[in-house]
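The structure under discussion appears below in the form of structure tokens.
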Amino acid sequence: MREGARHLDPEKVEAFYEIHIEQGPVLVHEEIPVGIVSGIRGNMRARHAKCLGEYAHSGATPRKLRHDAALGMAEFMTAMEAEWEKIEAAGNDLVFTLGKLYTDPDVHTHSKVPGEVRFTIDARDHEAETLDRVQTLAAERAARIGGKRGLTIDLGPLSRVKPATMAPALRENLRRGAETLGVSAMDIPSGGGHDAGDFANAGVPAATLFVRNPHGSHNPREDMAMEDFAEAVKLLAWGLTH
């Protein structure tokens, strides 16, 4: 790693397969045990964003003289949701999350106009161009709302991860396997990042299978039925031998 040299030559790796629980509710909703992943969403993230206004006495400061960071954030969130709806209506699979919204517990109180709100942005899509658009829209809406309300909405440093497409030939082979073996499976995008995405972006043909999971991921209730897992293993064996 220090030398910046590859440990594996992508030209010498025929394929990379991965089985993972689905991290969302789609397979459960569709009552299908296995998903054949079409691609892994890339992301655009702001981990240290903030909306800066001005603290003021809540009883003594009229609305027109306030620089309320909480109301500014509410308007920013509403504006970005409206843009998300437009992008979604145009056929993109964008998912957009504003999170970790909090004021400073050492300063805030019920009798103060909020002067600062911290937040994060997590935008994910299969198209890098859509992430570019979201990044531009977020900056534009932040500047417009900040200017109107006398606030500074600072998105801070942004990070990007490239989308990854699962190899079409491997996906088609897995579909044939599902039909031949009688495994109930559907095409499904991945919203979370996975090792297969890193291999795909390094030039290795990759495929991912999801297993139905009723309780989401990264929590103590993360779960799957062994029967569903066995169906995914059947497809994995098919992919490795056909």
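Along the sequence shown, residues carry numbers from 1.
- Cluster annotation: Ile87 and Met44 are assigned to the same hydrophobic cluster (Ile/Leu/Val/Met/Phe/Trp/Tyr, side-chain heavy-atom contacts under 4.5 Å, transitive).
- His215 NE2: more than 12 foreign heavy atoms inside a 6.0 Å radius.
- Salt bridge present: Arg175 and Asp187 bring a charged side-chain N and a carboxylate O closer than 4.0 Å.
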Practice item. Determine, step by step, whether Asn92 and Thr130 satisfy the side-chain hydrogen bond (donor to acceptor under 3.5 Å, both in side chains) criterion, reporting the C-alpha distance in whole Å, the side-chain angles of both residues, the deciding distance to 0.1 Å, and the verdict. Key: CA-CA 8 Å; Asn92 293 87; Thr130 303; 2.9 Å; yes
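- Residues Ser38 and Met166 are not in side-chain contact: their nearest non-hydrogen atoms beyond the backbone lie 4.5 Å or more apart.
- In this structure the side chain of Leu174 reaches within 4.5 angstrom of the side chain of Tyr17, judged on heavy atoms.
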Review point. Going through the checks in order, is the side chain to side chain contact (heavy atoms under 4.5 Å, CB included) test met by Lys148 and Arg144?
Key: CA-CA 6 Å; Lys148 182 178 75 172; Arg144 181 185 304 173; 5.8 Å; no
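- Between Cys51 and Leu151, the shortest heavy-atom distance links the atoms SG-CD1, 3.9 Å.
- How far CD of Glu127 is from CZ of Arg133: 12.5 Å, rounded to the nearest 0.5 Å.
- The backbone N or O of Ala79 sits nowhere less than 3.5 Å from a side-chain atom of Glu75 that would complete a donor-acceptor pair.
- Around NE2 of His242, the count of heavy atoms belonging to other residues, nucleotides or ligands within 6.0 Å exceeds 12.
- The hydrophobic cluster containing Leu240 also contains Val211, counting ILVMFWY residues as joined when their side-chain heavy atoms lie under 4.5 angstrom apart, directly or transitively.
- What you find for Leu158 and Ala46 is that their closest heavy atoms are CD2-CB, 3.5 Å.
- Nearest approach of Asp223 to Ile21, heavy atoms of both residues: O-CG2, 4.3 Å.
- At least one side-chain heavy atom of Arg141 sits under 4.5 Å from a side-chain heavy atom of Met80.
- Separation of atoms OG (Ser190) and CD (Gln23) is listed at 6.0 Å; rounding is to 0.5 Å.
- Checked by atom type and distance alone, the side chain of Trp84 pairs as donor or acceptor with a backbone atom of Leu94 at under 3.5 Å.
- In this structure, Thr152 contributes its side chain and Asp154 its backbone to no donor-acceptor pair below 3.5 Å.
- Linking ILVMFWY side-chain heavy atoms closer than 4.5 Å, directly or via other members, places Leu101 and Phe96 in a single hydrophobic cluster.
- Glu179 and Arg176 are not joined by a salt bridge, as no carboxylate oxygen comes within less than 4.0 angstrom of a charged side-chain nitrogen.
- With contacts defined as side-chain heavy-atom distances shorter than 4.5 Å, the pair Arg212/Val34 does not qualify.
- The cationic atom of Lys112 (NZ for Lys, CZ for Arg) lies less than 6.0 Å from the six-membered ring centre of Tyr55 and within 45° of the ring axis.
- Taken to the nearest 0.5 Å, the OG1 atom of Thr97 stands 9.5 Å off from the CZ atom of Arg45.
- At a threshold of 4.5 Å between non-hydrogen side-chain atoms, the residues Val26 and Met186 count as touching.
- Cluster annotation: Leu209 is connected to Trp238 through the hydrophobic network of ILVMFWY side chains, with a link wherever side-chain heavy atoms come within less than 4.5 Å.
- Between the side chain of Thr208 and the backbone N or O of Ala196, no donor-acceptor pair lies under 3.5 Å.
- Counted by atom type alone, Ser159 and Arg47 present one or more donor-acceptor pairs between their side chains at under 3.5 Å.
- The main-chain N or O of Pro168 is never found under 3.5 Å from a side-chain atom of Glu172 such that the two would form a donor-acceptor pair.
- Residues Asn43 and Arg160 fail the side-chain proximity criterion, which asks for heavy atoms closer than 4.5 Å.
- Atom CD1 of Ile188 and atom CD1 of Ile32 lie 9.0 Å apart (nearest 0.5 Å).
- Looking at heavy atoms from C-beta onward, Glu54 lies out of side-chain contact with Arg66 at the 4.5 angstrom threshold.
- To the nearest 0.5 Å, atoms OG1 (Thr78) and CZ (Phe76) are separated by 11.0 Å.
- A ring-centre distance under 6.0 Å is not found for His194 and Phe16.
- Between Arg41 and Asp125 there is no salt bridge, since no side-chain nitrogen of the basic residue lies less than 4.0 Å from a carboxylate oxygen of the acidic one.
- Linking Ile, Leu, Val, Met, Phe, Trp and Tyr residues whenever their side-chain heavy atoms come within less than 4.5 Å leaves Phe199 and Val161 in two separate clusters.
- Among all heavy-atom pairs drawn from Ala15 and Leu170, the shortest one is CB-CD1, 4.0 Å.
- Looking at every heavy atom in both residues, Leu98 comes nearest to Met77 through CD1-CG, 3.4 Å.
- In this structure, Val37 and Pro189 have side chains that are not in contact, with every pair of non-hydrogen atoms separated by 4.5 Å or more.
- Judged purely by atom type and a 3.5 angstrom limit, Glu22 has no side-chain atom pairing as donor or acceptor with the backbone of Asn213.
- To the nearest 0.5 Å, atom CG of residue Asp104 and atom NZ of residue Lys50 are 12.0 Å apart.
- Ile145 and Ile153 make their closest contact through CG2-CD1, 4.1 Å (heavy atoms, listed as atom of the first residue, atom of the second, distance).
- Under a 4.0 Å N-O distance rule, the pair Lys86/Glu88 does not qualify as a salt bridge.
- Between the side chain of Arg149 and the backbone N or O of His67 there is no donor-acceptor pair closer than 3.5 Å.
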